[in-house]
Amino acid sequence: MKKTQAESDVNLLRALEVFMAVADSRHVTAAAAALGMTQSAVSQQLKKLEWALDAPLFNRARRPLELTHAGEILRRRAFRILSEVEDLRSELRHVQSSSIPILRVALLASIATTLTPGLLDMVRGGLGIPELSLSAGLATDHQAALNDRSIDIAITSDPQFDLTDYTCTPILEEPFFLVLPTDYDGPTDDIHALSERLSLVRFSADAPVGRRTDQHLQRCRLNLPRSMEADRASMVVAGVITGKCYAILTPSLLIDAIAEGMALRIEPLPFAGFKRAIVAIHRAGEMGDIPAQVAQESRRLLQQSLKRLLPRAADHVIYPA
């Protein structure tokens, strides 16, 4: 049957809203009341939608109304479509009051708790950005997130990927230390003697800090007994506080543990030292001076926390201007 102009001329979004109201209530009258429309207007919207899709959506011979198979399919799709439209409307409302409606920042898991409150205050108050989206993970997670544009800025460590299209702002450079149980009473100036008393708990090689540590130990020709590996600083530190293990970690990897009151002993490495850098990375030429401000605030927050929680180790951390 040929469609008339009135039948084929349909406001699809409005028709989907009407369809969902009827599908939820299973009564045209109830849907019309909820939408503030007349019953005939609702029926007309449904008729136009069925013409547009060339499929019956309701079995009108049943009371209450029943969805046809096509109607069930449309209900699932319409829910997603209308949700996307509402998200778009919300985002555009934010754009009216801010050039950037949401700032998406990925953080190293070990410093996420330290940075979150300060970054939230700074982004919403200082930058006037309505919403801050934070995610925590490993440095390897950040590379993929930057590449697929699911984040705007990564506060990460020692990036091992091509930075040609990115701008990298230094935040700090920190040395590695021995981390020991507080009741350890053996030598700390001889790693082999220490390893006879305690075994090494380390980051897994899947984590960048774990690979960096392994590479340095290999360069120093050190093959140390190991008892455990993990991919989070909290789990590595948990191995130390058993009293049976030691670790090789940086100050920023210890912030959460010290803040939670874990008793740890921190000593210089008894062999050639090494360091890691924490940096802020964003796509070059984008977002103006916002990434630089986020990097500066992250530097301030970390410096403040390290001085308060780890004063001896903090003196060895370098903060580039």
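One is the number of the first residue; the rest follow in order along the sequence.
Linking ILVMFWY residues whenever their side-chain heavy atoms come closer than 4.5 Å, directly or via other members, places Val209 and Leu222 in the same cluster. When hydrophobic clusters are built by joining Ile, Leu, Val, Met, Phe, Trp and Tyr residues whose side-chain heavy atoms come closer than 4.5 Å, directly or via intermediates, Phe79 is grouped together with Leu16. Hydrophobic clustering keeps Ile73 apart from Ile81 (ILVMFWY residues linked when any side-chain heavy atoms are closer than 4.5 Å, directly or through intermediates). Grouping the Ile, Leu, Val, Met, Phe, Trp and Tyr side chains by contacts below 4.5 angstrom, directly or via other members, places Leu74 with Leu12. Both Leu120 and Ile111 belong to a common hydrophobic cluster when Ile, Leu, Val, Met, Phe, Trp and Tyr are linked at side-chain heavy-atom distances under 4.5 angstrom.
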### Message
salt bridge (Lys or Arg N to Asp or Glu O under 4.0 Å) for Arg232 and Asp256? Distances and angles first, verdict last.
### Response
CA-CA 11 Å; Arg232 290 291 187 274; Asp256 281 355; over 6 Å; no
### Query
Does the salt bridge (Lys or Arg N to Asp or Glu O under 4.0 Å) test come out yes or no for Asp183 and Arg265, once each step is laid out?
CA-CA 8 Å; Asp183 60 357; Arg265 179 179 169 187; over 6 Å; no
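Around CZ of Arg312, the count of heavy atoms belonging to other residues, nucleotides or ligands within 6.0 Å does not exceed 12. When the shell of 6.0 Å around CZ of Arg226 is examined, it contains more than 12 heavy atoms from other residues, nucleotides or ligands. Within 6.0 Å of the CZ atom in Arg124, the count of heavy atoms belonging to other residues, nucleotides or ligands does not exceed 12. Around CD of Glu229, the count of heavy atoms belonging to other residues, nucleotides or ligands within 6.0 Å exceeds 12. Counting non-hydrogen atoms of other residues, nucleotides and ligands closer than 6.0 Å to CG of Asn223 gives a total of 12 or fewer.
With hydrogens and angles ignored, the 3.5 Å screen pairs a side-chain donor or acceptor of Arg299 with a backbone N or O of Pro320. Although no hydrogens or angles enter the test, the distance criterion places no donor-acceptor pair under 3.5 Å between the side chain of Arg62 and the main chain of Leu67. Although no hydrogens or angles enter the test, the distance criterion places a donor-acceptor pair under 3.5 Å between the side chain of Arg104 and the main chain of Arg149. Side chain of Asp189 to main chain of Pro270: no donor-acceptor pair is present (N/O by atom type, distance under 3.5 Å, no hydrogens or angles). Listed for the Ser227 side chain is no donor-acceptor partner under 3.5 Å among the backbone atoms of Ser199.
A heavy-atom distance below 4.5 Å is found between the side chains of Leu200 and Tyr246. Side-chain contact between Val22 and Gln45 is absent, with no heavy atoms from C-beta onward closer than 4.5 Å. Contact of the Pro159 side chain with the Val279 side chain is registered, since non-hydrogen atoms from C-beta on lie closer than 4.5 Å. By the 4.5 Å heavy-atom criterion applied to side chains, Gln143 and Ile281 are not counted as neighbours. Here the side chains of Phe203 and Leu249 are in contact, with some heavy-atom distance below 4.5 Å. Contact of the Leu119 side chain with the Leu107 side chain is registered, since non-hydrogen atoms from C-beta on lie closer than 4.5 Å.
Remark: Glu173 CD to Ser157 OG distance equals 12.5 Å, nearest 0.5 Å. In this structure, CZ in Arg283 is found 7.5 Å from CD1 in Ile151, a value given to the nearest 0.5 Å. Atoms CG and CG, on Asp165 and Leu146 in that order, are 11.5 Å from each other to the nearest 0.5 Å.
The ring of Phe176 has its center no closer than 6.0 angstrom to the ring center of Phe271.
Residue Ile155 forms a side chain to side chain contact (heavy atoms under 4.5 Å, CB included) with just one option from Leu302, Leu115, Leu108, and that option is Leu115. With Leu180 as the partner, the side chain to side chain contact (heavy atoms under 4.5 Å, CB included) test is satisfied by one option alone out of Asp185, Thr188, Val240: Thr188.
Between the side chains of Ser252 and Glu174, at least one donor-acceptor pair of N or O atoms lies under 3.5 Å. Counted by atom type alone, Asp148 and Ser150 present one or more donor-acceptor pairs between their side chains at under 3.5 Å.
We find that Glu50 and Lys47 are not joined by a salt bridge, their nearest charged nitrogen and carboxylate oxygen being 4.0 Å or further apart.
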